Amino acid sequence: MELYNTIKDLLPNAAILDVFEDKYLYDYLHYSKGSSPLVVKVNNKDEIITLINYCNTHNIKLVTRGAGTNLVGSTIPHDEIILDVSNLNKILSFDKDNFELTCEPGVLLKDVQTFAEQNGLFYPPDPAEKNASIGGNISTNAGGIRAVKYGVTRDYIKELEVITGKGEVLHLGSSNIKDSTALSLKNLFIGAEGTLGIITKAKLKLISKPQITKSAIVGFSSLTVALSSVKKILNNNLLPVGIEFIESDVLALGENFLQEKLPCKKANAYLILSFDGTEKIVDDDLLYCKELIKNDVIEFLELKDAAIFKKVFSIRCALANAIAQKGI
């Protein structure tokens, strides 16, 4: 109670919780439960700095948490104060001419993607969990199915504002395409899982929105044949926006979790292939891809029907939940 009262006096406008939901003590997979005396839900970077300075003075540790969708235990507290930044959830500015969007770390990936597309642009990083926060995506250098063609989160971060463990505010990176002044400290923070500091602002790079995206699910007799087909695709000047491999046993977990069945023939391994661009280019690429690997596949099913497309990607996106439910 003494710690609660002290932090409440320091941060009168923050939400200070000494009784809180168990979700704060787990990551998304719920494998291990942590412990914490307090959750501090801040509203701005000044509150973060105040809290860091207090914790440094009194030798108290912090662990930062956003949307809580991580899968590797990095937000599980071990008696630390939990610093919840989910209230820092604003899109701060948008520069369509320069293809830039600046936001706080608690903004959800799905909201950034929607905002960009509503304005005729595109934010390519696309991990399966769309309710992840941008701060979390940066901290894990999230990728997703589009990484084959477009790269990962690191490739779309122009600038970062971060607060170090000493309470210092750093502004890292540049809007310039060529930025080679001194060391690239920005890239040290991307993928650091929050160990080097707390992200409070990010300037993201957007690109032109592709005219269309089309996908197919392809079944194979074995993992070896599927991987051989990937090499064949990439060695013949095809660049899918995404190539995602799923083993049949893992896929079955997603099917059972949703009580749905994949709308294609049974196989031992699957690839989900996606192509984007103009409609003609995409159609030509799909046709060429199908012809290229026709002798390797059990079935090449183009996901033309919206309901079938939704079913396939729902099963794929349910895999983390399905695995967590099984306790694997």
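These values consider heavy atoms only, across backbone and side chains, with no hydrogens, waters or symmetry-generated copies. Keep in mind that what you see is a predicted model, and the values were worked out from it rather than measured.
Proximity of Val152 to Asp155: side-chain heavy atoms (C-beta onward) are separated by under 4.5 Å at one or more points. The closest side-chain heavy-atom distance from Leu83 to Ile198 is below 4.5 Å. Residues Lys158 and Ser174 fail the side-chain proximity criterion, which asks for heavy atoms closer than 4.5 Å. Looking at Arg316 and Ile246, their side chains come closer than 4.5 Å, going by heavy atoms from C-beta outward. Considering only heavy atoms from C-beta on, Ser175 comes within 4.5 Å of Glu100 through its side chain. Glu244 has its side chain out of reach of Leu273: every pair of non-hydrogen atoms, C-beta onward, lies at least 4.5 Å apart. Side-chain atoms of Ile233 and Ile293, non-hydrogen and from C-beta on, do get closer than 4.5 Å to each other.
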Could you walk me through whether Phe94 and Phe115 pass the ring-ring contact (aromatic ring centres under 6.0 Å, His included) check?
-> CA-CA 10 Å; Phe94 172 58; Phe115 183 92; 5.1 Å; yes
Decide salt bridge (Lys or Arg N to Asp or Glu O under 4.0 Å) for Lys203 and Glu159; before the verdict, give the C-alpha distance in whole Å, the side-chain angles of both, and the deciding distance to 0.1 Å.
-> CA-CA 5 Å; Lys203 181 176 286 186; Glu159 298 179 18; 3.5 Å; yes
Salt bridge (Lys or Arg N to Asp or Glu O under 4.0 Å) between Asp285 and Lys214, intermediate numbers included | CA-CA 10 Å; Asp285 283 350; Lys214 294 186 178 182; over 6 Å; no
Audit row: Lys232, Asp296, salt bridge (Lys or Arg N to Asp or Glu O under 4.0 Å) steps and yes/no = CA-CA 10 Å; Lys232 193 177 292 185; Asp296 303 332; 3.0 Å; yes
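Not one N or O on the side chain of Asn236 forms a donor-acceptor pair closer than 3.5 Å with the backbone of Leu238. A side-chain donor-acceptor contact under 3.5 Å links Asn43 to the backbone of Asn13. No side-chain donor-acceptor contact under 3.5 Å links Lys61 to the backbone of Cys55. No donor-acceptor distance shorter than 3.5 angstrom exists from the side chain of Glu260 to the backbone of Lys311, with no hydrogens or angles considered. Glu255 places a side-chain N or O within donor-acceptor distance of the main-chain N or O of Leu262, the cut-off being under 3.5 Å. Between the side chain of Glu80 and the backbone N or O of His78, at least one donor-acceptor pair lies under 3.5 Å. Arg154 places a side-chain N or O within 3.5 Å of a backbone atom of Asn187 that can act as its donor or acceptor partner. A side-chain donor-acceptor contact under 3.5 Å links Asp27 to the backbone of Gly73.
Side-chain heavy atoms closer than 4.5 Å link hydrophobic residues (I, L, V, M, F, W, Y) into clusters, and following such links, possibly through other members, connects Ile60 to Leu11. Under the 4.5 Å side-chain heavy-atom criterion for ILVMFWY residues, a single connected hydrophobic cluster contains both Leu170 and Leu188. When hydrophobic clusters are built by joining Ile, Leu, Val, Met, Phe, Trp and Tyr residues whose side-chain heavy atoms come closer than 4.5 Å, directly or via intermediates, Leu239 is not grouped with Val241. At a threshold of 4.5 Å between side-chain heavy atoms, the hydrophobic network of Ile, Leu, Val, Met, Phe, Trp and Tyr places Tyr270 and Val230 in two separate groups.
In the displayed structure, Lys8 atom NZ is contacted under 6.0 Å by more than 12 heavy atoms of other residues, nucleotides or ligands.
Note: Tyr24 and Phe20 have perpendicular aromatic rings, judged against thresholds of 30 and 60 degrees for the angle between ring planes.
By the 6.0 Å and 45° rule, Lys205 stacks over the aromatic ring of Tyr156.
Residues Pro124 and Ile207 approach most closely at CG-CD1, 3.6 Å, considering heavy atoms. Nearest heavy-atom pair, Gly219 versus Ala267, reported as atom, atom and distance to 0.1 Å: CA-CB, 3.7 Å.
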